[in-house]
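Notes follow the structure.
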Number of protein chains: 2
Amino acid sequence: MKQGNETKIRILTVANELFYHQGFNSTSIANIVDKTKLSKGNITYHFKSKQAILEGIVEQRLLDIDGLLNQWDMEIIAPLDRLLRFCGMLIDEQDNLKYYGCPMGTLTGELSKNQPIHYKITLPMFKRFRSWLTQQFLLLNYPPEQSDENAMELLSRVQGISVITHVFKDKEFLNKEIKKLKETLHIEYGGGFIP
Amino acid sequence: MKQGNETKIRILTVANELFYHQGFNSTSIANIVDKTKLSKGNITYHFKSKQAILEGIVEQRLLDIDGLLNQWDMEIIAPLDRLLRFCGMLIDEQDNLKYYGCPMGTLTGELSKNQPIHYKITLPMFKRFRSWLTQQFLLLNYPPEQSDENAMELLSRVQGISVITHVFKDKEFLNKEIKKLKETLHIEYGGGFIP
DNA sequence: GTCTATACGCAGATAGAC
DNA sequence: GTCTATCTGCGTATAGAC
């Protein structure tokens with residue numbers, strides 16, 4: 001119990017990066033051993049299986065997402081500005097997106113196949129964004145159902161841009177599309193809900 | 001040389017389905033053996049490695065894509081109708097999309113990580129659609145650069161819808177979004193290019 | 001062309017010393 | 001808590017008989 005939590009975090013940090021960069025299936029425990037400079041036994045002590053590591057990562061990511069969304073809620077007052085900030089996230093992450101794609105999207109693509117771990121792992125992350133986005137549209141006075149529909153559409157747009165940026169390794173495309181998307185948000189939602 | 005080509009096709013067909021349903025990394029040669037009811041040695045005779053199978057699959061898919069696009073070119077005259085037909089593909093494939101995502105998109109997500117096989121494998125498939133879509137916009141009298149931009153945006157939209165449909169296992173979302181997308185195409189491009 | 005049998009490495013999981 | 005050592009299965013690739 002010396003500094004178990006600290007090494008635990010180190011393992012999660014390293015594994016998260018490896019899973020993101022190489023994919024979950026293509027990352028071995030040995031890879032994690034190398035990069036953490038810890039022993040295989042030590043890692044096993046903290047996480048009994050590879051999937052346990054993945055679950056730990058997602059737990060951490062969910063906390064990060066919640067933290068980010070809460071921060072935006074505090075720093076940004078206008079719902080529309082929050083939506084724009086959401087889109088800006090892709091600009092911030094453009095280098096990662098180019099080389100590795102969306103951390104949630106690519107992980108889902110990998111996990112949703114063969115086994116339904118996906119439901120417990122990647123789906124919750126998407127749900128956080130979905131409900132947060134929905135909340136912003138509610139604040140813009142859209143009815144519940146349409147708020148959710150708008151949220152899903154925005155999620156969809158952002159995912160599409162991520163995929164194409166990743167596939168064609170094209171940051172120019174990303175910047176152009178995000179700019180257009182932001183303009184669309186202004187036009188579509190700038191005035192709030194009009195029945 | 002009895003009927004080598006026939007078994008070759010059988011291997012490709014089965015492997016293609018398995019790679020799509022389970023993912024490339026999670027599919028073993030043994031899986032292919034089971035499903036083809038061929039021996040492991042026989043498969044090795046036709047394809048010297050797992051990656052060779054993948055390359056064979058992509059070769060086949062490229063032919064399929066070209067065939068499909070040529071068919072559309074022949075059957076459908078108006079470029080706008082061709083774009084609508086392109087969107088309709090997602091409706092046709094909605095069950096597969098729900099459970100396994102876009103065949104090109106999910107494969108890219110898997111392969112683009114760790115190794116750059118991706119450039120030779122999945123990128124060409126995307127490029128076919130990109131240039132075909134670009135061609136349609138050119139026929140609508142859009143300038144070359146904007147034609148390509150429109151093509152990329154449409155690709156992006158469609159990929160986004162695929163991802164979200166897959167993540168949330170939501171066919172209702174897909175149908176609604178495709179309907180909206182088609183309407184948008186009508187409005188945006190229905191009149192052709194206006195300088 | 002198709003099969004069986006085998007080699008070899010690496011992955012993940014486990015046991016136990018310090 | 002951290003380490004080294006070992007077990008076991010599965011994965012790909014190969015050799016060779018028919």
Side-chain angles (χ1 to χ4, degrees), chain A residues 1-58 60 107 110-111 113-118 120-121, chain B residues 1-58 60 107 110-111 113-118 120-121:
Chain A
M1 207 177 295
K2 210 186 325 179
Q3 46 193 39
N5 203 40
E6 204 168 297
T7 60
K8 208 163 182 173
I9 288 173
R10 182 142 64 104
I11 294 169
L12 288 178
T13 306
V14 165
N16 184 41
E17 189 178 311
L18 285 171
F19 288 171
Y20 181 35
H21 289 185
Q22 307 186 346
F24 176 72
N25 289 312
S26 301
T27 301
S28 66
I29 310 238
N31 293 148
I32 300 171
V33 168
D34 291 345
K35 213 167 182 191
T36 52
K37 311 236 181 221
L38 296 169
S39 68
K40 191 181 266 189
N42 195 1
I43 289 172
T44 301
Y45 173 78
H46 289 285
F47 299 95
K48 71 174 197 302
S49 71
K50 192 181 170 185
Q51 188 178 326
I53 298 177
L54 181 63
E55 285 166 4
I57 287 173
V58 170
Q60 184 58 51
L107 190 60
E110 228 185 323
L111 297 181
K113 309 229 163 182
N114 58 356
Q115 266 152 20
I117 333 172
H118 152 248
K120 294 190 68 167
I121 305 285
Chain B
M1 209 175 295
K2 209 184 331 181
Q3 46 191 40
N5 204 39
E6 204 168 297
T7 59
K8 208 164 182 172
I9 289 173
R10 182 142 62 103
I11 294 169
L12 288 178
T13 306
V14 165
N16 184 41
E17 189 176 312
L18 285 171
F19 289 170
Y20 180 36
H21 288 185
Q22 307 185 346
F24 176 71
N25 289 312
S26 302
T27 301
S28 66
I29 310 237
N31 293 149
I32 300 171
V33 168
D34 292 346
K35 212 165 184 193
T36 53
K37 311 236 182 222
L38 296 170
S39 68
K40 193 180 266 189
N42 195 0
I43 288 173
T44 301
Y45 173 79
H46 289 285
F47 300 95
K48 71 175 196 300
S49 70
K50 191 180 170 185
Q51 189 178 323
I53 298 178
L54 181 62
E55 284 165 6
I57 287 174
V58 171
Q60 184 57 50
L107 191 60
E110 228 186 323
L111 297 181
K113 309 230 162 181
N114 57 351
Q115 265 152 21
I117 333 170
H118 151 249
K120 295 191 70 166
I121 306 285

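Heavy atoms only: backbone and side chains are in, while hydrogens, waters and symmetry mates are out.
Every residue was checked against the side-chain hydrogen bond (donor to acceptor under 3.5 Å, both in side chains) condition with B:Thr36, not counting sequence neighbours, and none meets it. Residues passing the side-chain hydrogen bond (donor to acceptor under 3.5 Å, both in side chains) test with B:Ser28 are B:Asn31, sequence neighbours excluded.
At least one donor-acceptor pair closer than 3.5 Å links the side chain of B:Lys50 to the backbone N or O of B:Thr27.
At least one side-chain nitrogen or oxygen of B:Tyr45 sits closer than 4.0 Å to the OP1 or OP2 atom of C:dG1. Taking 4.0 angstrom as the limit, A:Thr7 places a side-chain polar atom (N or O) nearer than this to OP1 or OP2 of D:dT2.
Contacts of residues 10-17 of chain B with DNA chain D (heavy atom under 4.0 Å): none.
Rounding to whole angstrom units, CD1 of residue A:Ile53 and P of C:dG12 are separated by 9 Å. Rounded to an integer number of Å, the gap from B:Lys37 NZ to C:dG1 P is 24 Å. In this entry the distance linking CD1 of A:Ile43 with C1' of C:dA11 reads 14 Å, nearest Å. Straight-line distance from the CG atom of B:Asn42 to the C1' atom of D:dA15: 15 Å, rounded to whole Å. When the C1' atom of D:dT2 is taken as reference, atom CG of A:Asn5 falls 16 Å away, rounded to whole Å. Atom C1' of nucleotide C:dC10 and atom CG of A:Asp34 are separated by 13 Å, given to the nearest angstrom. Remark: P of D:dG1 and NE2 of A:His46 are 7 Å apart, rounded to the nearest angstrom. A straight line from CD of B:Glu6 to P of C:dG1 spans 12 Å, rounded to a whole angstrom.
Among pairs with a residue in residues 30-39 of chain B, those fulfilling salt bridge (charged side-chain N to carboxylate O under 4.0 Å, His left out) read B:Glu17-B:Lys35, at least two apart in sequence or across chains.
With values rounded to the nearest 0.5 angstrom, B:Ile11 atom CD1 is found 8.5 Å from B:Ile32 atom CD1. Interatomic distance, CG of B:Leu38 versus OH of B:Tyr45, reported as 13.5 Å (0.5 Å rounding). B:Asn16 CG to B:Leu107 CG: the interatomic distance, rounded to the nearest 0.5 Å, is 9.0 Å. The CG atom of B:Leu54 sits 6.0 Å away from the CZ atom of B:Phe19 when rounded to the nearest 0.5 Å.
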Residues B:Thr44, B:Ile29; criterion side chain to side chain contact (heavy atoms under 4.5 Å, CB included); working and verdict: CA-CA 9 Å; B:Thr44 301; B:Ile29 310 237; 5.8 Å; no
Test side chain to side chain contact (heavy atoms under 4.5 Å, CB included) applied to B:Leu12 and B:Phe47, step by step: CA-CA 10 Å; B:Leu12 288 178; B:Phe47 300 95; 3.6 Å; yes
Verdict with reasoning, A:Arg10 to A:Glu6, per side chain to side chain contact (heavy atoms under 4.5 Å, CB included): CA-CA 6 Å; A:Arg10 182 142 64 104; A:Glu6 204 168 297; over 6 Å; no
Pairwise N/O distances under 3.5 Å, protein to nucleotides 16-18 of chain D:
none

Write down the protein N/O and nucleotide N/O pairs, taken from nucleotides 7-13 of chain D, whose separation is under 3.5 Å; answer none if there are no such pairs.
residue : atom : partner : partner atom : Å
D:dT12  : OP1  : B:Lys50 : NZ           : 3.3
D:dT12  : OP2  : B:Ile29 : N            : 2.8
D:dA13  : OP2  : B:Lys50 : N            : 3.3

